[in-house]
Each structure stands twice: as C-alpha cells, then as structure tokens.
Amino acid sequence: VRDAPILVLGADGYIGWPLSLALAARFPGREIVLADNFLRRRLVEEVGGQSIVPVPPIARRVAAAGEFLSISNLVHAEIDVASTELERLLAEVRPGVVFHLAHQASAPYSMRGAREAVLTLRNNEESNLRLLFALRDRHRDTHLVKLGSFGEYAKAGIDVAEGYFQPTFRGQAADRPVPYPREADDVYHVTKINDSAFIGMACRAWGLRVTDLMQSTIYGVRTAETARDPALGTRLDQDECFGTVVNRFVAQALVGHPLSVYGTGLQRTGLMYLRDAIDSLVELGDDVPAPGEHRVINHVAERGPCVLELAESVVAAAREIGVPAEIDRGTHDPRGEHLSQKPRHRVDAARLAGRATTPLAVALGELLADVAPHRDRVLSACVAPTIRWAP
Ligand SMILES: NC(=O)c1ccc[n+]([C@@H]2O[C@H](COP(=O)([O-])OP(=O)(O)OC[C@H]3O[C@@H](n4cnc5c(N)ncnc54)[C@H](O)[C@@H]3O)[C@@H](O)[C@H]2O)c1
C-alpha cells in the first residue's frame, strides 16, 4: 500500500488541487492520479461567479507543478466519478489510497431548485455508492479517505462527539457506540449524511477501511506548494453559492462591501486553515484504519467562534492593512438563522489533539495578502446574497 499510486477524486477543486500538489511533493516515488470532470468550474460559471484567484486549466497546472516544483508524478484523468468510468479507472490505477472529494460541494446551490437538488443528489450519492461497491468487489484493502462535513451533526444543545457515541436513554445505556445524531436543512448536507450512513454500512458489512472526515469550513489559499507561483494557485470563490464564509468575508472587505453576516450571526461554525487541513490529510492517507473500522474524524481546528465573531476578526485583520471594513448584520438571512445566543456545546476532536494549527489572526493576514492582488476580479453583482431557503 505504501508504494501504490494515490487517486484523488475531485483533484481540480479548491482542496483537491493543493492536496494533490502536497501528495506529489511528499511522495515523489508514487504516482498521484488526478480525476475530475470540472463540474465545479461549470457550476461557478452557471451562477455568474468566478474564482478571485485565477485557476489555469488542469494541463497548465500539471505543467506548472513540473516547472516550479520539479513535480513529475502527477497524471490527469478526465472522468465522471458518478459513472462506470470510476470502476475502470480504479482497475487501471489500483490505488493504495483514494481521497474522495468529488462532490457538488455547495449547500446554497443544492437549494436553488429541483434541478440543482437532483444534480447534487445524483452526483454525490452515486459517486459515493459506486466507489464503495468498487472497493468491496476489487480493492478491499484500499484506504478510502472521504470528505464529509461537520455540518452533518445535529446541534441540539449537547456536546458533539467524534462520529460515534454511547448514549443513555431512559436509564438504559447503549451496549455499543452508535452514530452521533445527524440532521441537516439543505440537500447538500443531507447527501453528506447519507454518505456517512452508507460508509458505516460498508465498513460493518464488508470490512472496508475508511477514514470519514467531518470537515469544517476551510479558508485560505496558501500552502507550501501553491505559494511558489501564481500558476499553482487554488480557487477562491466569491459568489453566494460557492464562496464559503471566511473567504467571502475577505472578498467583501477588499472591495469595500459590508461583510454579510446572516441573521443574528450567533450561529457557530468550525473552521480550518487550508494549509493545516492539507498537512493533516497528507498524513492521514498512510494511517490506514483496521478492516471494518469506520474511523470518523472531526476535522475542525477553530471550534468556538460564531459567524459574527469571525466577521469581527476579518474586520480587525483588514484594518491592520489599512482596509476600512465593516459588518452588515441581519439584512440577509437566507437560512433563517434566528439564534438569540451563541450555542455552548463542546466539540470532540481527539484525533487532531496535539497538532499545531495556524492561529486565526495569522491565517487571515496571509489570506488578505494573497487575495489583495486579485481584488479587481471581485464581481460586485456577486457579493450580496439572493437565494433564500427558509421562511
Ligand atoms: N471547502 C470547504 O470548506 C469544505 C468543507 C467541508 C467539506 N468539504 C468537502 O470537501 C470536498 C472538496 O470540496 P472543495 O471545497 O474542494 O469543492 P470543489 O467543488 O472545489 O471540489 C470538488 C471537485 O470535484 C469535482 N467533481 C464533482 N463531481 C464530480 C464528478 N462526478 N466526477 C469528477 N469530478 C467531480 C469538481 O469539479 C471539483 O473540482 C467536497 O466533498 C466538499 O463537500 C469542503
């Protein structure tokens, strides 16, 4: 397994590209196979957005990795992961590790209408199921590292366990760990919940080896590899579908648009800086769980802040570099976020314990510096939200 190729599904994406570069740099003797069908590029165009950081086509990216990092072990395959092409690619590559990131990854997009909801459902669940069955039939010892979402968990005023817990109900204690409750209010997160349920089934029934990451929101664009040349950059979206919370606040700050804090802003969100997430993922690939173990990891570094506090941190970091940012709280509330106080639950993250992570203020300073040169690519029509899915 340790010398076998590594397959990255969704390798042209925001996380997939820097992950692929980091894997190629760390394991020069292993082939890193990049699979993507460019769905993300198409959908961002469909909603009228564009990545603020320019993203060259994949062939140029691979060439740039050779030019600026002397990386020669990247191979690109244009395939639809939610199709029989996946089985063919797996048979050809025989990977030791598969990173599965190939999803329609936007919650707002999945709630635009029935067409977008069905696209999300088919794409995400079909790819996940095809992958699990292919592993069962031909690649049982391959380690699957699957990107799930921290947004899968039901937040109901109790501490959040790491995937499984052993509850007591009416005085009766469960006799084994069971999945911590999951609940979501958008189609994208429901697909993530279903993925976790199917993965749990596949581990118990077939003895697969899976690491399932409850991934919190990632922000930032700088890794050891992407920083080497603009042609190696990863995408940073600004529109309300594909721009995630901190990345979008930074874009808004740089063009003098008030930071759009939805509702009261007291809703909590976990966060992880891109570089920290990539470093952890690279290590996890070769840390293979036992057969049948559904290893769930809460992949979240900043566990405490609410959205309003994050916006305040972005404002402070922007002011440090002379950008006079301000916050607009409550004008927009697409998800109906009416919390009157910040939730107090704790979040277990034992598997990340002891890992050094980049402090929020340092990461925000880097992010502002990385995005500022591209501020003329921020589209003013994109920065105010319009999709609403809750009364
Ligand atoms: N970015 C975050 O903050 C975050 C947080 C939690 C979870 N995640 C998860 O991490 C993974 C990667 O997210 P991302 O932010 O890099 O998103 P992304 O959209 O940039 O990356 C996904 C990539 O997969 C590709 N893809 C989608 N469907 C495909 C298919 N059927 N066949 C081939 N390629 C396909 C897309 O074109 C894209 O390049 C996703 O599963 C996402 O749900 C991301």
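Whatever order the structure lists them in is the order used to number ligands and atoms, beginning at 1.
- Atom numbering of ligand 1 starts at 1 in the shown order; those under 4.0 Å from a heavy atom of Ala82 are 31 (N).
- When Tyr14, Trp17, Phe150 are checked for heavy-atom proximity to atom 1 (N) of ligand 1, Tyr14 turns out nearest.
- Taking every heavy atom of Gly10 and a limit of under 4.0 angstrom, the matching atoms of ligand 1 come to 23 (C), 24 (O), 25 (C).
- When each atom of ligand 1 is checked for a heavy atom of Ala105 under 4.0 Å away, the hits are 17 (O), 42 (C), 43 (O).
- In terms of protein heavy-atom proximity, atom 41 (O) of ligand 1 is nearest to Lys192 NZ, 2.8 Å.
- The protein heavy atom nearest to atom 40 (C) of ligand 1 is Leu101 O, 3.5 Å.
- Within the 4.0 Å heavy-atom shell around ligand 1 one finds Tyr188.
- Here Phe133 and His139 keep their ring centres 6.0 angstrom or further from each other.
- A salt bridge links Lys342 to Glu309: one of the charged nitrogens lies within less than 4.0 Å of a carboxylate oxygen.
- When the options Thr191, Thr120, Asn194 are evaluated for a side chain to side chain donor-acceptor pair (under 3.5 Å) with Glu125, the one that passes is Asn194.
- Side chains of Ile218 and His299 form no contact here, defined as non-hydrogen atoms less than 4.5 Å apart.
- Checking only distances, Asn37 does come within under 3.5 Å of ligand 1, N or O to N or O.
- For the pair Arg42 and ligand 1, no heavy-atom separation below 4.0 Å is found.
- Taking atom 39 (O) of ligand 1 as the reference point, the nearest protein heavy-atom neighbour is Asp36 OD2, 2.7 Å.
- Taking a cutoff of 4.0 Å between a charged side-chain nitrogen and a carboxylate oxygen, Lys146 and Asp212 do not qualify as a salt bridge.
- Among protein heavy atoms, the minimum distance from atom 21 (O) of ligand 1 is reached at Gly13 CA, 3.5 Å.
- Using a 4.0 Å heavy-atom cutoff, Gly151 is absent from the residues neighbouring ligand 1.
- Considering only non-hydrogen atoms, atom 4 (C) of ligand 1 lies nearest to Ile15 out of Asn128, Ile79, Ile15.
- Using the six-membered ring where Trp is involved, Tyr180 and Tyr153 have ring planes that are perpendicular, over 60° apart on the 30 and 60° scheme.
- Considering only heavy atoms from C-beta on, Leu9 comes within 4.5 Å of Val98 through its side chain.
- For atom 17 (O) of ligand 1, the closest non-hydrogen atom of the protein is Arg40 NH1, 3.4 Å.
- At a 4.0 Å heavy-atom cut-off, ligand 1 does not touch His100 at all.
- Taking the side chain as every heavy atom from C-beta outward, Glu116 and Gln104 never approach each other to under 4.5 Å.
- Residue Asn123 touches ligand 1 through its side chain alone, judged by heavy-atom distances below 4.0 Å.
- Contacts with ligand 1 closer than 4.0 Å are made by no heavy atom of Leu9, backbone or side chain.
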*Output, in order, the C-alpha distance, side-chain angles, deciding distance and verdict of salt bridge (Lys or Arg N to Asp or Glu O under 4.0 Å) for Arg319 and Glu326.*
CA-CA 10 Å; Arg319 288 189 179 154; Glu326 52 185 77; over 6 Å; no

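- Taking a 4.0 Å cut-off on heavy atoms, Ser216 registers as neighbouring ligand 1.
- To the nearest 0.5 Å, atom OG1 of residue Thr211 and atom CG of residue Asp287 are 7.0 Å apart.
- For ligand 1 and Phe38, the ligand atoms under 4.0 Å from any heavy atom of the residue are 37 (O).
- Scanning the protein for heavy atoms near atom 32 (N) of ligand 1, the closest one is Val81 N, 2.8 Å.
- Nearest protein heavy-atom contact of atom 7 (C) of ligand 1 is Gly148 O, 3.3 Å.
- Ring-plane geometry between His332 and Tyr262 is classed as perpendicular, the angle between the planes exceeding 60 degrees on a 0 to 90 degree scale with a lower cut at 30.
- Ionic pairing of Arg346 and Asp348 is not present here: no N-O contact between side-chain nitrogen and carboxylate oxygen is shorter than 4.0 angstrom.
- The CD1 atom of Ile52 sits 5.0 Å away from atom CG of Leu236, with the distance rounded to the nearest 0.5 Å.
- Looking at ligand 1, you'll find an N or O of Asp80 within less than 3.5 Å of one of its N or O atoms.
- Annotation: atom 6 (C) of ligand 1 to nearest protein heavy atom, Gln215 O, 3.3 Å.
- Aromatic rings from Tyr188 and Tyr109 are positioned such that their centres are separated by 6.0 Å or more.
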